[in-house]
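All remarks here apply to the structure that follows.
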Amino acid sequence: MSPRLRHLTTLENLPRATIERLLDRAESLRDACAHGTRKLDVLAGRTVLNLFFEPSTRTRTSFELAARRLGADVVNFDIGFSSTSKGEELFDTLHTLEAMHLDAIVVRHKQSGTPDELVRHAMSGVSVINAGDGNRAHPTQGLLDVLTIRQHRPDFENLSVVICGDIRHSRVARSDIQALTALGAGQIRLCGPAALMPASDEFPHCVRYDDFDKAIAGVDAVITLRLQKERMASTDLPDEAAYFTHFGLDPRRLGLAAKGCLVMHPGPINRGIEIASAVADGAQSRILEQVGNGVFVRMAVLNEVLAR
Ligand code: ASP
C-alpha cells in the first residue's frame, strides 16, 4: 500500500495507488453523505485553517464544507482584514496562527511554491494542503476532475481528453495532466494559441494542437480553461472575440467530439469567451458535477492527512 500523505502540495510524482485511494475514498464519503449521515465525526476536535491570499469561490467554500462534514472546526483567515495587509511576513502570520493550535492549513497563494515553503516552516504535526499556487498546482482540482471523468469513463486506457485554452498560466491544467498521466489516460491533447501553450519541453507525452477543430475530434472529454489575465503579461492578452472564434467551445465544435463527450471547466467560466452558454448549460456539461465532487475529494484529502 502507498504510504499515507502528511501534506498535499502537488500531484506530481504521486503514485497511481495513492490517487486511486483518494478517489475511492471520495466516492465512499459521497455515499456515506448520500445515505443521510451528512455529518461524520472522524475529524472531531481537529482544526482546519483556510488561508486564502487569492480570491476563491468554489475551492474555499468546498474545503470549508468538507472539513465541517467531517466534524472539524474551521477558521477562515480573511487576508483583506489581516495584518498581512500591514506587511506582516508570511511566516510570522503562519506562526501566529499556529500558536492557536491548528491541525491543517489549506493555502492558496499567487506565488508558486508557497505551500512547500509552509511545509518547511510549519510546526511538525501541521498538515499543509495546496488550494492553488500561482500557475503550478491545484491538486484537489486535478483529483476532482479525474474523479468526474472516472464516474463516466472508467476505462482510462482508452480515454482521450483535450485541454483547451490558457494552459500556460493554468495550475489546473498541470494538476489535471499529472492526474490523467498517473491513471494511464490513453491520450492527452493540449490546444491553445502559441502564447498560451506550456513550454515545449513541458509534458512531452501530450499531443499539441493549434487547431481546436482537429484537437477535439473524437475525444471523450474536453476541459476548457479561463484566460487567466491576472497571470499574463499584457502582450499575451488575446482579443476575446477572435479567441472565441478559434478556441471557444460551441455546439458545432462539441459535435466533432465523441458521442456524449464530457464537457468540463474548473470555473469561473467566461461565457462567450472560452465556452458558449449553450454548451456550459447543455446536456453534456459536467461542470456542476465537478463542483459537487470537489467537496468529496476535499473530504478525502482532509481525512487522509488528518486521520489518526
Ligand atoms: N479556479 C481555478 C483556479 O483557481 C481556475 C481559474 O481560476 O481559472 O486555478
Side-chain angles (χ1 to χ4, degrees), residues 8-12 50-66 76 79 105-116 128-149 161-180 190-193 195-198 202 221-233 236-238 240 243-244 247-249 262-276 279-280 285-295 297-298 301:
L8 180 65
T9 62
T10 175
L11 300 180
E12 200 174 0
N50 272 331
L51 186 58
F52 278 62
F53 293 87
E54 269 194 333
S56 167
T57 311
R58 282 152 293 272
T59 306
R60 174 165 153 171
T61 315
S62 62
F63 264 112
E64 180 167 355
L65 270 177
N76 288 313
I79 285 336
I105 299 175
V106 176
V107 63
R108 167 169 289 191
H109 201 282
K110 68 175 192 305
Q111 190 70 46
S112 296
T114 300
D116 299 278
V128 176
I129 300 171
N130 182 4
D133 63 328
N135 61 12
R136 173 175 165 261
H138 194 346
T140 54
Q141 180 77 43
L143 291 171
L144 76 89
D145 285 349
V146 289
L147 178 64
T148 306
I149 294 174
V161 180
V162 62
I163 301 177
C164 181
D166 180 9
I167 299 170
R168 174 174 296 226
H169 301 103
S170 176
R171 52 199 179 202
V172 172
R174 291 191 169 75
S175 289
D176 280 351
I177 293 167
Q178 286 155 3
L180 287 163
L190 307 180
C191 178
L196 302 181
M197 288 292 273
E202 211 184 357
V222 53
I223 300 173
T224 52
L225 300 169
R226 179 177 72 90
L227 296 172
Q228 291 139 95
K229 295 181 185 159
E230 70 279 19
R231 285 191 266 280
M232 278 181 203
D236 292 345
L237 269 176
E240 289 177 355
Y243 183 83
F244 185 70
F247 298 102
L249 183 58
L262 314 174
V263 172
M264 299 171 60
H265 191 304
I269 62 174
N270 293 296
R271 294 164 184 269
I273 299 179
E274 70 270 7
I275 190 166
V279 176
S285 174
R286 303 292 163 209
I287 297 172
L288 293 178
E289 263 178 57
Q290 288 173 269
V291 177
N293 279 334
V295 178
V297 157
R298 287 166 183 134
V301 170

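Indexing begins at 1, ligand by ligand and atom by atom, following the structure's order.
At least one side-chain heavy atom of Val107 sits under 4.5 Å from a side-chain heavy atom of Val128. Side-chain contact between Asp176 and Val161: absent, with no pair of heavy atoms (C-beta onward) separated by less than 4.5 Å.
Residue Gly267 places at least one N or O, backbone or side chain, under 3.5 Å from an N or O of ligand 1. The shortest N or O to N or O distance between Arg171 and ligand 1 is under 3.5 Å. Of the polar atoms of Gln228, none of the N or O atoms is found under 3.5 Å from an N or O of ligand 1, judged by distance alone. Looking at Arg231 next to ligand 1, no N or O pair under 3.5 Å apart turns up.
Atom CD1 of Ile177 is separated from atom CD of Glu12 by 11.5 Å, given to the nearest 0.5 angstrom.
The backbone N or O of Val172 lies less than 3.5 Å from no partner atom in the side chain of Ser175, so there is not a single donor-acceptor pair. The closest donor-acceptor contact from the side chain of Thr114 to the backbone of Gln111 lies under 3.5 Å.
Salt bridge annotation for Glu240-Lys229: present, with a cationic side-chain nitrogen under 4.0 angstrom from a carboxylate oxygen. Salt bridge annotation for Arg174-Glu202: present, with a cationic side-chain nitrogen under 4.0 angstrom from a carboxylate oxygen.
Residue contact check: Arg226 has heavy atoms under 4.0 Å from atoms 6 (C), 7 (O), 8 (O) of ligand 1. Atoms of ligand 1 found under 4.0 Å from any heavy atom of Val172, numbered from 1 in the order shown, are 2 (C), 5 (C), 9 (O). Taking every heavy atom of Arg108 and a limit of under 4.0 angstrom, the matching atoms of ligand 1 come to 4 (O).
Neither the backbone nor the side chain of Glu54 has any atom closer than 4.0 Å to an atom of ligand 1 (non-hydrogen atoms only).
Here the closest non-hydrogen pair linking Pro198 and Ile167 is CD-CG2, 3.6 Å.
The shortest separation from a heavy atom of Gln141 to ligand 1 is not under 4.0 Å, leaving the residue out of contact. Within the 4.0 Å heavy-atom shell around ligand 1 one does not find Gly132. In this structure, Pro268 counts as a contact residue of ligand 1, since one of its heavy atoms falls inside 4.0 Å of the ligand.
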